[in-house]
Peer 1: 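I have a structure I would like to understand better, so I am pasting it below and will then ask my questions one at a time.
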Amino acid sequence: MESIWNEFSSQGQDNGQINYTPTIDLTAMNGTPLDVPSNDQEAEAASMLAPGGKKKGTTSRSKNFAQDEDEALCSAYLNVSKDVAVGVNQTYKSYWTRISEYYNEVTRNPTVRSLSSLQHRWGDIQKDTARFCGFYSDIVRCNQSGKSEDDKVKDALQMYAGIVGNPFKLIHCWLILRHSNKWNDWLAKE
């Protein structure tokens, strides 16, 4: 520590004194003034906002999916590929367009969901339900005597909540998907 103070002293500065470094003038850089929004620019920025305080062209977030909407989406996922005329030879976009059309026909909810919204919700359903399927299969492999099917499901729900940290809220989707060949084939690939 002593050597540091000696170094400062040798630079011509007494202990306890502060070197002054002149600051840069931010009002002008290379002879041009700094861009500060004028009152006209502020008014233009404010006019870009919609009455609710949002930017024009942005969409508002719709309400969360209800249980019957989740069930309709699972049904759409399972039924769209069963059409023999189209089969599995369809593009990603046409597949999801057909799912969206089927979903909007089947659901009783007046909210029409966008294609992107359905894809994101299906991704959440798929991820969480697949995780639950893993816990359920672990419980089934234990093959505990005297356990009914309901007991195994309850144990899997407890295991999910204990490991993931929150309860499994998509049991209604799992009940639809669990015996489907399409779902089980997808799980086997994963």
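In this text, all values refer to a predicted model and were calculated from it rather than measured experimentally. Start at 1 with the first residue, then count along the sequence.
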Peer 1: Identify the two heavy atoms, one from Pro167 and one from Ala161, that lie closest to each other, and give their separation to 0.1 Å.
Peer 2: CA-CB, 4.2 Å
Peer 1: Using the test ring pair (Phe, Tyr, Trp, His ring centres under 6.0 Å), find all partners of Trp183 that sit at least two apart in sequence or belong to another chain.
Peer 2: Trp186
Peer 1: Are the side chain of Thr97 and the backbone of Lys93 linked by a donor-acceptor contact shorter than 3.5 Å?
Peer 2: yes
Peer 1: For His172, look at atom NE2 and say whether over 12 heavy atoms of other residues, nucleotides or ligands are found less than 6.0 Å away.
Peer 2: yes
Peer 1: What distance do Tyr103 atom OH and Asp70 atom CG have between them, rounded to the nearest 0.5 Å?
Peer 2: 8.0 Å
Peer 1: When you compare the side chain of Val164 with that of Phe132, does any pair of heavy atoms fall below 4.5 Å?
Peer 2: no
Peer 1: So that I know where these two stand, are Phe168 and Trp174 an aromatic pair - ring centroids less than 6.0 Å apart?
Peer 2: no
Peer 1: Between atom CZ of Arg98 and atom CG of Leu115, what is the distance when rounded to the nearest 0.5 Å?
Peer 2: 13.5 Å
Peer 1: Under a 4.5 Å cut-off applied to non-hydrogen side-chain atoms, are Tyr77 and Ile125 in contact?
Peer 2: no
Peer 1: Strictly distance-based, threshold 3.5 Å: is any side-chain N or O of Ser137 a donor or acceptor partner for the main-chain N or O of Cys133?
Peer 2: yes
Peer 1: Let me confirm one number: the CD-CG distance from Glu71 to Leu177, rounded to the nearest 0.5 Å.
Peer 2: 10.5 Å
Peer 1: How many angstroms lie between OG1 in Thr129 and CZ in Arg178, if you round to the nearest 0.5 Å?
Peer 2: 12.5 Å
Peer 1: Looking at CH2 of Trp122 and SG of Cys173, how far apart are the two atoms once the value is rounded to the nearest 0.5 Å?
Peer 2: 7.5 Å
Peer 1: Could you grab the distance from atom CD of Gln119 to atom OH of Tyr95, nearest 0.5 Å is fine?
Peer 2: 10.5 Å
Peer 1: How close do Leu170 and Arg121 get, heavy atom to heavy atom, and via which atoms?
Peer 2: CD2-NH2, 3.5 Å
Peer 1: Can you give me the closest heavy-atom contact between Ala156 and Tyr136, atom names plus distance?
Peer 2: CB-CA, 3.7 Å
Peer 1: Can you tell if the side chain of Leu73 reaches within under 4.5 Å of the side chain of Ile99, non-hydrogen atoms only?
Peer 2: yes
Peer 1: With side chains defined as the heavy atoms from C-beta onward, is the minimum distance between Leu118 and Phe65 less than 4.5 Å?
Peer 2: yes
Peer 1: Which pairs with one or both residues in residues 150-173 pass salt bridge (Lys or Arg N to Asp or Glu O under 4.0 Å), sequence neighbours excluded?
Peer 2: Lys147-Asp155
Peer 1: Decide yes or no for Val106 and Asn79: does some side-chain heavy atom of the first lie under 4.5 Å from some side-chain heavy atom of the second?
Peer 2: no
